[in-house]
Amino acid sequence: MPSHCPARVQKNGRVRLSEASSPKFETKRVTATNLGGPIDLDKTLLSGQVFHWTRRADGSWSGLLGNEAVVVSEKNENLVLHQGPDDRVVRHFALDHPLEEIYAAFPEEPMSQSALAACRGMRILRQPRWECTAAFITSSMKQVAHIRSMSLAIRSRFGEAVDGSDINAYPPFEVLAKATVPALRECGLGYRAENLLKTARLLADGTIDLEAIAKQPTARLRQTLQMLPGVGVKVANCILLFAYERLDAVPIDTWIHRILLAMRKGRKGTPAQLAAYAHRRLGPYAGYVQQYLFHHARMAKRGAALNPASVFSVPFDSHAPARLALRANLRWSISKAPAFSIVVKTAGCGATSPREARHQK
DNA sequence: CAGGTC
DNA sequence: GCTGG
């Protein structure tokens, strides 16, 4: 692709954002009728599955798909493509995922239904394998915002400029394989630098081929991925879900861990037992359910900081009306659906404050 | 204290 | 055990 053209993009990255959105780029409208279902772009790109996209003042999003600049926005719940290769963009945003079928498979359980009501339209992307693998190797014990800053730092330092984009492409593993631990640490990786470097080298010398292993069944693929340094069971599940379209894979991080405990009314268990429970309880699209629960819980906490009463003192049952209204006429203009409470011990439908929940842990 | 790993 | 939002 044309990524070797001399970049019009300066190093300071402050390139003609206005030009990228100027009328010289034809605006194509991707409608639900010809290309699949609707999408909630904000929720999709803010849910911590991909980290380099930037929301602009006008609400559109700019990012990269491999080595190609992409600009998209949302209109009437449809994806609007302003710039980028349409076929690949549509595939990336997974507009063919059968959302209604997926929603029908969501568990009849208050937290899942609450998350569904709040996050309708959020899609799980089909991400490039290496970029996704690398991003989640750097993710351990990091906040989403910092994973993003590490990704951008690595792109800026090691990646190639992309015509029409203000950020660089993610460097191929062949490039990172030749990097050094100190250089990677300067991108903010800390102890993760060594893992990313070792993984890049394993891929560069052909020990593991991220494309070739895609045909492995999920359990085996998970084991294969865990051969990479820095990839444990949680990160492996993230890669399975976000880069190998294994929609039943359930990454269990601290958020999902707490939520699963709440679903089990506080009953603990080994990691394997919780994973088994998650698959039983969350169903065939467990990975989708997981992503909705994750994003909703994070947003609920953010809201709680602003207005604690509005989020955490809502009993589960109070969501029922909104839920029913939703199902009645599949409209999803609910951007302010009530959040669920995360409680470890639920006595009836009593509200539990976040502080109490924490103490009960 | 944070989307864990070894 | 690294490190920043």
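The sequence lines fix the lettering, A, B, ..., with proteins before strands; numbering per chain opens at 1.
Reading DNA chain B from its 5' end, the first and the last nucleotide to sit under 4.0 Å from a heavy atom of chain A are B:dA2 to B:dC6.
The existence of a salt bridge linking A:R155 and A:E131 is confirmed by a sub-4.0 Å separation between a basic side-chain nitrogen and an acidic carboxylate oxygen. In this structure, A:E174 does not pair ionically with A:K178, as no charged nitrogen and carboxylate oxygen lie closer than 4.0 Å.
Nucleic acid contact class of A:T138 (heavy atoms, under 4.0 Å, all strands): none. Nucleic acid contact for A:G230: sugar-phosphate only, since backbone atoms but no base atoms lie under 4.0 Å from a heavy atom of the residue. Residue A:I137 is classed as having no contact, given no heavy-atom separation below 4.0 Å to the nucleic acid. Residue A:E186 is out of contact with every strand shown, counting any heavy-atom pair closer than 4.0 Å.
Remark on DNA chain B: of its neighbouring residues A:Q226 and A:F51, the 5'-side contact belongs to A:F51, judged by nearest-heavy-atom nucleotide. Map A:M141 and A:S149 each onto its nearest nucleotide of DNA chain C; the residue landing nearer the 5' end is A:M141. Map A:Y191 and A:A145 each onto its nearest nucleotide of DNA chain C; the residue landing nearer the 5' end is A:Y191.
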Would you write out the dot-bracket form of DNA chain B, 5' to 3', with Watson-Crick and G-U pairs under 3.5 Å, [ ] for crossing pairs, | for pairs to other strands and . for unpaired bases? ||....

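Of the residues listed (A:T133, A:T224, A:I239), the one engaging A:L210 in a side chain to side chain contact (heavy atoms under 4.5 Å, CB included) is A:T133, and it is the only one.
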Test log, rule side chain to side chain contact (heavy atoms under 4.5 Å, CB included), inputs A:R222 and A:L225: CA-CA 5 Å; A:R222 183 182 296 109; A:L225 290 170; 5.8 Å; no

Applying side chain to side chain contact (heavy atoms under 4.5 Å, CB included), run through A:R55 and A:L45 and close with a yes or a no. CA-CA 9 Å; A:R55 197 189 140 105; A:L45 294 176; over 6 Å; no

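Atom CD1 of A:I147 is separated from atom C1' of C:dC2 by 14 Å (rounded to the nearest Å). Atom CZ of A:R185 and atom P of C:dG4 are 12 Å apart (whole Å).
A:R192 contributes a side-chain N or O that forms a donor-acceptor pair with the base of C:dC2 under 3.5 Å.
In the model, A:S73 has a side-chain atom that pairs as donor or acceptor with a side-chain atom of A:H82 under 3.5 Å. Inspection of the A:S47 and A:R123 side chains reveals no N or O donor paired with an N or O acceptor under 3.5 Å.
With values rounded to the nearest 0.5 angstrom, A:I256 atom CD1 is found 9.5 Å from A:K234 atom NZ.
A:F136 and A:F242 have their aromatic ring centers within a separation under 6.0 angstrom.
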